[in-house]
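Here is the structure we will look at.
Computed from a prediction, not measured in an experiment: that's the story for all the values here.
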2 protein chains.
Amino acid sequence: MLGKKDITIYDIARVLGLSPATVSRGLKDHPAINIKTRKRIMDTAREMGYRSNSFASNLRMQKTNTIGIIVHELKSQFISSVLAGIEKVTTEAGYDLIIGHSSETWRKEASNAHNLFHKRVDGLIASLAFDTRDMDHYDPFVQKNIPIVFFDRVEDFAYGTRVVIDNNKAGYEATAHLAAQGCRRIAHITANLARNVYADRLKGYQQALADFGLSYDAELVIVNDLSEAAAIRAARQIIAMPQPQRPDGVFATNDFFAAVFLQTLKEGDVRVPEDIAIVGFNNDAIARIIQPKLTTINYPGEEMGEQAARSLLEQLAGLSAARTTDTIIIRSELIIRDSSLHRKV
Amino acid sequence: MLGKKDITIYDIARVLGLSPATVSRGLKDHPAINIKTRKRIMDTAREMGYRSNSFASNLRMQKTNTIGIIVHELKSQFISSVLAGIEKVTTEAGYDLIIGHSSETWRKEASNAHNLFHKRVDGLIASLAFDTRDMDHYDPFVQKNIPIVFFDRVEDFAYGTRVVIDNNKAGYEATAHLAAQGCRRIAHITANLARNVYADRLKGYQQALADFGLSYDAELVIVNDLSEAAAIRAARQIIAMPQPQRPDGVFATNDFFAAVFLQTLKEGDVRVPEDIAIVGFNNDAIARIIQPKLTTINYPGEEMGEQAARSLLEQLAGLSAARTTDTIIIRSELIIRDSSLHRKV
DNA sequence: TTCGAAATTGTAACCGATTGCATAAATTTT
DNA sequence: AAAATTTATGCAATCGGTTACAATTTCGAA
């Protein structure tokens with residue numbers, strides 16, 4: 001049923017009248033091997049169709065050349081970009097990726113962490129789920145000193161490196177921009193405030209309100225799961241509001257949500273940006289397609305992925321400086337488009 | 001530096017005064033082991049924090065419990081959905097995924113195939129790149145009888161199983177719908193016709209034209225890379241066309257492209273659907289957000305991923321029927337929204 | 001009490017690559 | 001020419017789990 005047997009270094013050794021040890025060394029540029037011998041080994045290996053057995057190697061070396069990834073969602077443009085960035089860097093370095101996703105649940109995140117630990121990944125790159133409360137599932141990694149890089153959704157945790165943007169600043173800029181456009185009642189639609197990304201954006205939002213002399217109204221902070229249904233619900237809720245209460249600006253923490261929200265407002269005869277100005281978050285492709293085009297925060301996922309991967313590789317290479325890096329902040333910036341250009345009527 | 005050493009079956013054996021063989025058997029419900037012994041083994045394994053070493057096991061078993069995936073692009077909602085579907089099925093079955101992506105290039109696809117072969121994945125799930133011409137890089141899998149499931153972008157290849165939708169029928173329905181709406185000059189914007197998905201949709205398009213008594217005009221078939229830039233270019237080109245030549249309906253093979261295209265048309269004061277009706281492909285979230293909402297073909301990525309994974313698992317389990325399955329067709333259907341409701345003015 | 005089948009457990013040889021240490025061969029030094 | 005290095009290669013143990021086969025124990029039946 002199965003094809004012919006695999007070629008091993010023993011086969012090569014037999015053919016060349018050498019020992020397996022020499023073949024093993026020859027295959028990997030060991031300095032003690034005569035250059036002519038090495039060439040002979042390389043050539044016959046190629047001819048015989050040799051492929052090294054990574055299990056034997058892993059077993060012996062106690063190293064897997066594999067990096068585990070835990071993301072909270074696969075079906076997201078942001079996450080896809082991050083993955084692409086990670087893939088780019090790690091593939092070059094000869095590492096494989098094993099990807100697990102938590103579907104935003106703590107339980108699945110923990111189960112993925114366990115699985116990856118079990119598979120003995122050399123390192124881990126992770127972004128937390130919505131409802132992750134404790135970090136116990138990462139303890140095995142801590143104990144074995146397996147490096148972890150968290151990105152985007154992170155947590156104060158005395159282990160590992162964090163790759164993030166300055167969410168506080170981003171939240172501030174988004175809100176300040178709306179205020180500068182003349183908005184007086186700015187709503188903020190966001191998700192679970194236990195997650196740093198949302199908590200920090202809220203802080204920035206509050207700070208900007210204060211700096212622009214606008215009062216903070218807890219009623220204007222809406223927390224939901226950022227789903228399509230939630231966007232439609234939130235929009236209808238706002239359409240139903242009588243004029244003095246209705247916000248004239250909205251800062252949403254996600255472009256997809258903002259797009260659906262905006263669309264629903266329009267269908268309810270609310271004008272954007274005239275009646276309500278909107279700022280999103282992420283700079284997904286959708287922001288450029290929707291009408292009016294969406295002002296948003298550029299959140300460079302691919303670069304974040306690259307940085308996270310690079311940091312992990314440095315730690316795996318044993319660069320001590322990398323080991324103690326706590327946080328890496330990626331540049332983000334406000335991109336102004338039509339959805340927020342508030343010309344008061 | 002590193003944490004304490006790992007627990008092995010030898011450690012457990014020593015503690016219990018048993019042989020490693022018994023422990024190995026006890027750990028996996030071997031029938032020859034006394035049930036009380038098994039319980040003792042299980043309990044101490046748990047207490048000691050044992051985790052089995054998959055390399056040792058893989059080495060011995062010549063099996064990796066890993067499935068390789070090659071996709072043409074990661075940053076795509078369709079692909080993300082497929083991956084989510086695959087993940088769902090394979091994780092349940094205890095398989096890991098190693099993901100490689102070709103960025104639509106033949107070269108990287110081949111290099112990924114080589115890498116995954118080298119890593120000895122038990123099976124492969126793949127979608128071809130834009131410019132993949134030959135399938136030589138899959139030969140090693142054929143020779144070793146490692147199962148492959150191709151999805152979406154497939155090719156006539158005397159090995160493996162294909163999971164696809166009926167692109168011909170989908171192309172037909174999209175075009176027929178436009179024709180039924182009264183469109184007389186229907187353009188088709190698509191990608192490399194060497195890929196089955198595009199070639200088949202084109203056939204459906206041609207067939208529908210014929211059935212509706214419309215003549216086929218090669219000028220109206222535009223082939224590009226479906227990028228954002230290409231969409232803008234195509235839209236401007238059409239805006240510039242004088243009236244008799246300008247199409248009154250467009251069937252584009254991708255929602256993202258269709259959305260950008262539609263948007264650009266609107267900016268050029270072309271009305272959609274009044275002047276030009278549009279049908280996309282995939283039913284991405286964007287189709288529901290853009291204004292007017294996009295008529296499209298529902299292409300259930302998650303289900304496709306699940307089916308592909310299930311088929312592969314069946315083949316790995318050795319079900320002979322599965323081995324000979326050639327093609328699995330997933331249901332797809334036209335979803336009619338505003339972008340194509342052509343009310344002639 | 002004794003014998004044989006069934007039920008358990010142990011022995012030891014794998015799987016294939018790696019590497020410290022020893023050995024042998026080539027080269028240089030005295 | 002003998003001794004000291006340097007350079008190349010081989011030996012054999014190791015990584016941890018698996019399994020064919022052997023050995024031992026158990027237990028009902030004769």
Here the distance between atom P of D:dT14 and atom OH of B:Y10, to the nearest Å, is 11 Å
For B:E73, the salt bridge (charged side-chain N to carboxylate O under 4.0 Å, His left out) test, sequence neighbours excluded, returns none
Hits for salt bridge (charged side-chain N to carboxylate O under 4.0 Å, His left out) against A:D96, two or more places apart or cross-chain, chain-then-number order -> B:K119
Whole-Å distance, B:R60 CZ to D:dG17 C1', equals 8 Å
The helix from C:dT1-D:dA30 to C:dT30-D:dA1: angle between terminal helix axes, five bp per end, to the nearest 10 degrees, reads 60°
When you measure from the side chain of B:H114 to the backbone of B:A110, do you find a donor-acceptor pair of N or O atoms at a distance under 3.5 Å? yes
dist A:R133:CZ -> A:W106:CH2 (nearest 0.5 Å) comes out at 7.5 Å
Rounded to whole Å, CD1 of B:I12 lies from P of C:dG10 at a distance of 14 Å
Residues passing the salt bridge (charged side-chain N to carboxylate O under 4.0 Å, His left out) test with A:K75, sequence neighbours excluded, are B:E302
Here the residues of residues 19-30 of chain A within 4.0 Å heavy-atom distance, strictly under, of DNA chain C are A:A21, A:S24, A:R25, A:K28
note: A:I9, atom CD1; C:dT19, atom C1'; distance rounded to Å ~ 11 Å
task = Would you tell me if any nitrogen or oxygen in the side chain of A:Q62 comes within less than 4.0 Å of OP1 or OP2 on D:dT14?
result = no
Nucleotide by nucleotide, nucleotides 22-28 of chain C touches protein heavy atoms under 4.0 Å in the pattern (B base, S sugar-phosphate only, - none) -------
When rounded to whole Å, the CG to P distance for the pair B:L18 and C:dT8 reads 14 Å
Across all chains, not counting sequence neighbours, the salt bridge (charged side-chain N to carboxylate O under 4.0 Å, His left out) partners of A:R38 are A:D29
Sequence neighbours excluded, the answer for ring pair (Phe, Tyr, Trp, His ring centres under 6.0 Å) partners of B:F78 is B:Y299
When rounded to whole Å, the CE to C1' distance for the pair A:M61 and C:dG16 reads 13 Å
Heavy-atom nearest pair, B:I7 first then B:I12, reads CG2-CG1, 4.2 Å
note: B:H118, atom NE2; C:dA17, atom P; distance rounded to Å ~ 10 Å
Give every donor-acceptor pair under 3.5 Å between a side-chain atom in residues 42-56 of chain A and any protein atom, sequence neighbours left out.
from	atom 1	to	atom 2	distance (Å)
A:D43	OD1	A:R46	NH2	3.3
A:D43	OD2	A:K39	NZ	2.9
A:T44	OG1	A:R40	O	2.6
A:T44	OG1	A:I41	O	3.2
A:R51	NE	A:D6	OD1	3.4
A:R51	NH1	B:F117	O	2.3
A:N53	OD1	A:F55	N	2.8
A:N53	OD1	A:A56	N	3.1

In this structure, CG of B:D131 is separated from NE2 of B:H72 (nearest 0.5 Å) by 12.5 Å
When rounded to whole Å, the CG to C1' distance for the pair B:N58 and C:dC15 reads 11 Å
ask   = Between A:R195 and A:E104, does at least one N-O distance fall below 4.0 Å, as a salt bridge requires?
value = no
In short, B:T64 meets B:N58 closest at the heavy-atom pair CA-OD1, 3.6 Å
Nearest-nucleotide check on DNA chain C, B:A32 vs B:L59; residue mapping nearer the 5' end is B:A32
Per side chain to side chain contact (heavy atoms under 4.5 Å, CB included), A:I125 is matched among A:I86, A:L97, A:I148, A:V82 by A:I86
Show me the side-chain donor-acceptor pairs of residues 134-142 of chain B shorter than 3.5 Å, one per line, residues at least two apart or across chains.
from	atom 1	to	atom 2	distance (Å)
B:D134	OD1	B:D136	N	2.9
B:H137	NE2	B:E109	OE2	2.9
B:Y138	OH	B:E109	OE2	2.9

B:D122 side-chain N/O to B:I67 backbone N/O, donor-acceptor pair under 3.5 Å: no
A:A13 and A:S19 have their tightest heavy-atom pair at CB-C, 3.8 Å
What residues 34-44 of chain A contributes to the DNA chain C interface at heavy-atom separation below 4.0 Å is none
What residues 49-57 of chain A contributes to the DNA chain D interface at heavy-atom separation below 4.0 Å is none
